[in-house]
Amino acid sequence: MPRTARSSSTRKRSRAGSTRRSCARRSGPGKAAGSPEPENQVRARRARGYRSRYEARPVHDDAGSRPGALNTAISSPGRAPRALLCARLAFREETAMPDHRTLGRELGLFGSDPLIGAGLPYLLPGGAAVRHVLEEYVREVERRAGYRHVVSPVLGKRELYELSGHWAHYRDDMFPPMDLGGEQVVLRPSLCPHHALIYRSRAHSHRELPLRLAELGGMYRAELSGVLGGLSRVRAIQLNDAHIFCLPEQVGAEVRGALALIRRGYRDLGLKPARYRLSLPDNRGKYAGAADAWERAAEVLVDALEGIEYERGPGEAAFYGPKIDVQIADSSGRESTLSTVQIDLHQPKRFGLEYVGPDGRAHRPVLVHRAVLGSLERVLAHLIEVHGGAFPPWLAPVQVAVLPVGDAELPAAEAVAEEAMDAGLRAEVVAADRGSLGSRIRDRRLVPYQAVIGPREAAADLIAPRLRDGRKLDPLPGREFVAAVVARAASRSEVLWS
């Protein structure tokens, strides 16, 4: 009797289950199966409308087919070493992060189209709102830290990148030159050559240094199609970048200041680095500059890392100098660099950068490259996975949803929403013609704050607040509610109500 054919998905589930059982047998001492999930992850799951495997009753059996569901299946398990599969599975079990490529599309944050091209996603209104908040946040943090913002074009002549060294060391990752009017222009692979020219455009005294130039600018990488994925690896990048031109004796303080900004940014965004990596040269790569200069730069970075646990990464340095990379891990345990601090002793010499020292003579500044949030696409992808779409109140695409019970309460709802928007909040009215009150509440379950207005609330000029974590608060005046939400957003805390 012939065996019944099984579908591809059934075979994959069977192999994945076998992998889990095998990993469990090999795991030995460690986290016990069925151990409690961290409370913050439980809250995020409930806000997304489903329970984890550690809770008594699953809401959906088809995990992976709905927003926020954790998909633990591993594709093609036979094609990767079992140890790697076990490590990735363990990471998913511990972090319980959804894949941003699925969740971000289902929540209407971003999308893509073959006519636009691979690695070129677009942001929908919700994703664009989060990105705008990130841009405003990092600009304000940098402004307070003494940075001055500039704007530079995304194109440059080929000669610019030949001078900077990118053409010799980085050409394979750049888009081909375009012939325009007898000269060749290139989509820039980084912002540093433009900032070097901005520095060179006028004379500088030692009293002006450090000069910190920052920009949220576009750059482009000719990534191969096989490594592209969602927002985390793209070809058009919006980069939070900065370059610090400083005296040699100021380098250590500037590196430590940049690391402090990075730690603050991660704290405010609710992110945790997977590890810090000291990226150094190896014997195989092509690096610019003298070996003794590289050694001195590496020593400065090591001193700046005092008190921070880090790992050395031979072969991970930039072609122009060593760097500190802050690594993050996605839902599958794959690492990527989000933030970085780099010392460059090469490009100041190539561009002939100078400052006038106390002796009245010309001296060479040191260039420190620094990115706090790095690629805004990558940080948005990581935020989607870390928070599961339930962003902290200050980051949420919509912070307040006002829900009138019926048409009679619509004017009161519009007044509350207008007051919230006047206070700087992102608010919307979800009118009764959008469905029943229960369905509207469920549809807006990721919004941190809901303001329900029924006949009694409208008559008394009150609202009935509901929080994303399921709490229902006593009715209170709309102005008082708006002021409380503004205060919570300003605190950049994940706590919804105090």
Side-chain angles (χ1 to χ4, degrees), residues 43-44 46-49 67-68 106-111 123-137 387 389-498:
R43 288 198 302 268
R46 287 173 175 165
R48 296 195 299 270
E106 292 178 343
L107 295 180
L109 299 176
F110 71 93
L123 296 183
L124 294 165
V130 178
R131 173 165 149 174
H132 291 161
V133 176
L134 292 173
E135 291 175 348
E136 294 165 2
Y137 165 77
H387 298 295
F391 295 103
W394 71 281
L395 269 178
V398 176
Q399 296 167 301
V400 178
V402 187
L403 307 168
V405 172
D407 293 337
E409 291 76 46
L410 183 58
E414 291 174 340
V416 171
E418 184 175 355
E419 186 170 354
M421 288 187 285
D422 289 343
L425 297 175
R426 295 178 294 281
E428 66 175 6
V429 176
V430 188
D433 60 5
R434 304 285 292 275
S436 68
L437 180 61
S439 67
R440 285 180 283 152
I441 289 174
R442 288 191 297 273
D443 289 344
R444 299 299 187 276
R445 63 183 177 274
L446 293 181
V447 176
Y449 305 98
Q450 297 178 354
V452 179
I453 302 178
R456 285 180 297 181
E457 287 82 14
D461 199 18
L462 301 174
I463 59 102
R466 297 174 64 101
L467 306 185
R468 182 171 59 196
D469 58 13
R471 283 182 288 168
K472 299 178 184 178
L473 307 181
D474 293 334
L476 72 164
R479 181 167 299 179
E480 184 178 332
F481 168 75
V482 168
V485 174
V486 168
R488 296 315 307 161
S491 71
R492 298 196 180 100
S493 170
E494 294 187 47
V495 178
L496 295 177
W497 203 264
S498 59

_Residue pairs fulfilling side-chain hydrogen bond (donor to acceptor under 3.5 Å, both in side chains) with at least one residue in residues 453-463, sequence neighbours excluded_ = none
Can you list, pair by pair, the side-chain donor-acceptor contacts under 3.5 Å of residues 473-481, counting residues two or more places apart and other chains?
| from | atom 1 | to | atom 2 | distance (Å) |
| --- | --- | --- | --- | --- |
| Arg479 | NE | Glu419 | OE2 | 3.2 |

*Rounded to the nearest 0.5 Å, what's the gap from CD on Glu494 to NE2 on His387? Could you check?*
5.0 Å
*Give a yes or no on whether the backbone of Leu496 and the side-chain of Tyr449 come within a donor-acceptor separation of less than 3.5 Å.*
yes
*Contacts of type side chain to side chain donor-acceptor pair (under 3.5 Å), residue Ser498, not counting sequence neighbours*: none
*Just by modelled atom types, is the Trp497 backbone N or O under 3.5 Å from a matching donor or acceptor in the Arg488 side chain?*
no
_Test of understanding: with salt bridge (charged side-chain N to carboxylate O under 4.0 Å, His left out), list the residues that count as partners of Arg131, not counting sequence neighbours._
Glu135, Glu377
*Ala128: what forms a side-chain contact (heavy atoms from CB on, under 4.5 Å) with it, not counting sequence neighbours?*
Leu123, His132
Ignoring hydrogens and angles, write down the donor-acceptor pairs under 3.5 Å from the side chains of residues 390-415, residues two or more places apart or on other chains.
| from | atom 1 | to | atom 2 | distance (Å) |
| --- | --- | --- | --- | --- |
| Trp394 | NE1 | Asp268 | O | 3.3 |
| Gln399 | OE1 | Arg426 | N | 2.8 |
| Gln399 | NE2 | Pro393 | O | 3.0 |
| Glu409 | OE1 | Gly406 | N | 2.8 |

*For Ala490, enumerate each residue passing the side-chain contact (heavy atoms from CB on, under 4.5 Å) test, keeping only those at least two apart in sequence or located in another chain.*
none
*What pair of heavy atoms forms the shortest contact from Ala423 to Val486, and how long is it?*
CB-CG2, 3.8 Å
*Of all residues at least two apart in sequence or in a different chain, which pass the side chain to side chain donor-acceptor pair (under 3.5 Å) check with Glu428?*
Arg444
*Not counting sequence neighbours, which residues clear side chain to side chain donor-acceptor pair (under 3.5 Å) with Ser491? List them please.*
none
*How far apart are the closest heavy atoms of Ile463 and Ala451, and which atoms are they?*
CD1-CB, 4.0 Å
